[in-house]
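This report concerns only the one structure given below.
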2 protein chains.
Amino acid sequence: MNFKFDNNTPIYIQLVEQIKIHIISGHFGVGERLPSVRELAMETKVNPNTMQKALLELEDLKLIYTERTNGKFVTTDTDLILRYKKQYADELSKNFLLSMKSIGYDEKQALEYLKELKGDK
Amino acid sequence: MNFKFDNNTPIYIQLVEQIKIHIISGHFGVGERLPSVRELAMETKVNPNTMQKALLELEDLKLIYTERTNGKFVTTDTDLILRYKKQYADELSKNFLLSMKSIGYDEKQALEYLKELKGDK
DNA sequence: ATTATTGTATTAATCAAATAATACAGCGGG
DNA sequence: CCCGCTGTATTATTTGATTAATACAATAAT
């Protein structure tokens, strides 16, 4: 599950984000059963309560659902997942352009910057 | 100074970031005197101590310097500012590409996505 | 039926960020 | 000289995230 935590945002928020990405990217498949709360907490070296809090939020987002004594599962609503994926890509893109703009690169220049970066490696 | 705080990262970190951007973008000019700690705190509706903490970090970064009883000033080292600007643009760009990759868009697709976004509006 | 595993709930303790209320030291202008 | 403005320092309090240690209820498997 290789998580990298940045110290400046609450862990449970980062957990929500990371698991969301795992679902959006298909790393956690549609309808797939997640590891148990305790397992996930162990893996990520986080307190079970913290993991539970993150999973609760994901359930609010309808990205996962719970079978009370059986486990938690990725939603089977593929459309929903796709919508989240697009929404996420949109956010990333808009934020990128906005941030670049805030330090003086307009959209065209931002694109140029990315292209140069590709060339570099 | 219009700041928008996101609740999930410590305010002083966000202050450092925002002021850094103001300097990088030239909104705070080279060598310009900053508003006093108390003023900045008022403007941003933050406790003076929190602002002070942020300014201390900016001083560690050499982006500002202090005249003890006179005020704080933007560095006059334009090269340094430029280096920070490039570093920041690099970070933004690399992070953008990484994040897009994590949800299944390779570099080419990420670029396409940005271009489409421009077309939309 | 017992056992292990599931999610869930509760309560206390810890830790860091942020606020709050001051106080001090140095300089400059009226 | 003194008042007002700088930055800086100190101490206490509040708030929220996180950890910690349990406990309970429901189900599936043995």
Side-chain angles (χ1 to χ4, degrees), chain A residues 1-20 22-23 28-29 31-76, chain B residues 1-20 22-23 28-29 31-76:
Chain A
M1 184 89 129
N2 69 323
F3 279 1
K4 305 152 198 162
F5 291 129
D6 110 65
N7 299 319
N8 301 327
T9 21
I11 293 180
Y12 80 98
I13 302 273
Q14 298 183 55
L15 288 172
V16 170
E17 203 68 5
Q18 297 279 328
I19 297 173
K20 195 170 158 186
H22 274 63
I23 294 174
F28 283 158
E32 185 180 326
R33 183 178 176 283
L34 297 179
S36 79
V37 178
R38 291 169 178 84
E39 274 183 89
L40 284 173
M42 286 279 291
E43 276 184 46
T44 55
K45 289 169 187 166
V46 148
N47 190 280
N49 298 325
T50 307
M51 181 57 71
Q52 164 74 357
K53 189 170 181 182
L55 293 172
L56 255 183
E57 277 210 26
L58 286 165
E59 191 152 8
D60 284 346
L61 296 177
K62 310 283 187 196
L63 275 171
I64 64 176
Y65 66 93
T66 299
E67 290 184 9
R68 184 52 154 93
T69 61
N70 194 12
K72 290 170 178 293
F73 300 81
V74 175
T75 181
T76 55
Chain B
M1 189 84 129
N2 68 326
F3 280 2
K4 304 153 199 164
F5 291 130
D6 113 63
N7 298 319
N8 300 326
T9 22
I11 293 179
Y12 80 98
I13 301 274
Q14 297 183 56
L15 289 172
V16 171
E17 203 68 6
Q18 297 280 326
I19 298 174
K20 194 170 159 188
H22 275 64
I23 295 174
F28 283 157
E32 184 179 326
R33 183 178 177 285
L34 296 180
S36 78
V37 178
R38 290 169 178 82
E39 275 183 88
L40 283 173
M42 286 279 291
E43 277 185 45
T44 55
K45 289 168 186 166
V46 147
N47 190 280
N49 298 325
T50 307
M51 182 56 71
Q52 165 73 359
K53 189 170 180 181
L55 294 172
L56 255 183
E57 277 209 27
L58 285 165
E59 192 151 9
D60 284 345
L61 296 178
K62 311 282 188 197
L63 275 170
I64 65 177
Y65 66 94
T66 298
E67 289 184 9
R68 183 55 153 94
T69 62
N70 194 13
K72 288 171 180 290
F73 300 80
V74 174
T75 180
T76 55

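For clarity, every value in this text was computed on a predicted model and none was experimentally measured. Letters A, B, ... mirror the listed sequences (proteins, then strands); counts begin at 1.
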Exercise. Tell me: CG of B:L56 to P of D:dT6, nearest whole Å?
Worked result: 17 Å

For this session: Please check the phosphate of D:dT8 (OP1 and OP2 only) for any side-chain N or O of B:K72 closer than 4.0 Å.
Result: yes

Exercise. Roughly how many Å is it from CE in B:M42 to C1' in C:dA20, rounded to a whole number?
Worked result: 15 Å

Exercise. Is the base of D:dA28 touched by the side chain of A:N70 through a donor-acceptor pair closer than 3.5 angstrom?
Worked result: no

Exercise. Can you check the A:Y65 OH to C:dG7 C1' distance for me, whole Å?
Worked result: 15 Å

For this session: Could you tell me which non-hydrogen atom of B:A54 sits nearest to which non-hydrogen atom of B:Y12, and how far apart they are?
Result: CB-O, 3.7 Å

Seminar exercise, completed: Taken to the nearest whole Å, CZ/A:R38 to C1'/D:dT19 is 16 Å

Exercise. Between NZ of A:K53 and CG of A:L58, what distance do you get to the nearest 0.5 Å?
Worked result: 13.5 Å

Exercise. Looking for any heavy atom pair under 4.0 Å, which part of the strands does A:E59 touch: base, sugar-phosphate only, or nothing?
Worked result: nothing

Exercise. Choosing from D:dG7, C:dA18, D:dT19, which nucleotide comes nearest the side chain of B:T66?
Worked result: D:dG7

Exercise. Distance check: side-chain N/O of B:T50 vs OP1/OP2 of C:dT19, anything under 4.0 Å?
Worked result: yes

Problem set entry | Upstream residue (5' side of DNA chain D) when A:I13 and B:S36 are each assigned their closest nucleotide | B:S36

Problem set entry | C:dG7 OP1/OP2 closer than 4.0 Å to side-chain N/O of A:T69 | no

Exercise. How close or far is atom C1' of D:dT6 from atom CG of B:L40, stated in whole angstroms?
Worked result: 13 Å

Exercise. Taking CD1 from B:I11 and P from C:dA20, how many angstroms apart are they, rounded to a whole number?
Worked result: 11 Å

For this session: Ignoring the backbone of B:R68, work out which of D:dG7, C:dG7, C:dT6 is nearest its side chain.
Result: D:dG7

For this session: Please answer whether the main-chain N or O of B:V37 pairs with a side-chain N or O of B:Q52 as donor and acceptor at a distance below 3.5 Å.
Result: no

Problem set entry | Gap separating the NZ atom of A:K62 from the OG1 atom of A:T75, nearest 0.5 angstrom | 9.5 Å

Exercise. For DNA chain C, whose closest nucleotide is more 5', that of A:L55 or that of A:N49?
Worked result: A:L55

Exercise. Just how far, in rounded Å, is C1' of D:dT27 from CZ of A:F73?
Worked result: 12 Å

Exercise. Of the nucleotides C:dA18, C:dT19, D:dT8, which has the atom closest to the B:Q52 side chain?
Worked result: D:dT8

For this session: Starting at NZ of B:K72, measure out to CG of B:L34 and round the result to the nearest 0.5 Å.
Result: 8.5 Å

Problem set entry | Below 4.0 Å: OP1/OP2 of C:dA18 and any side-chain N or O of B:Y12 | no

Problem set entry | Whole-Å gap separating P (C:dT10) and NZ (A:K53) | 15 Å

Problem set entry | Out of C:dA17, D:dT6, D:dA20, whichever nucleotide has its closest atom nearest the side chain of B:E39 | D:dT6

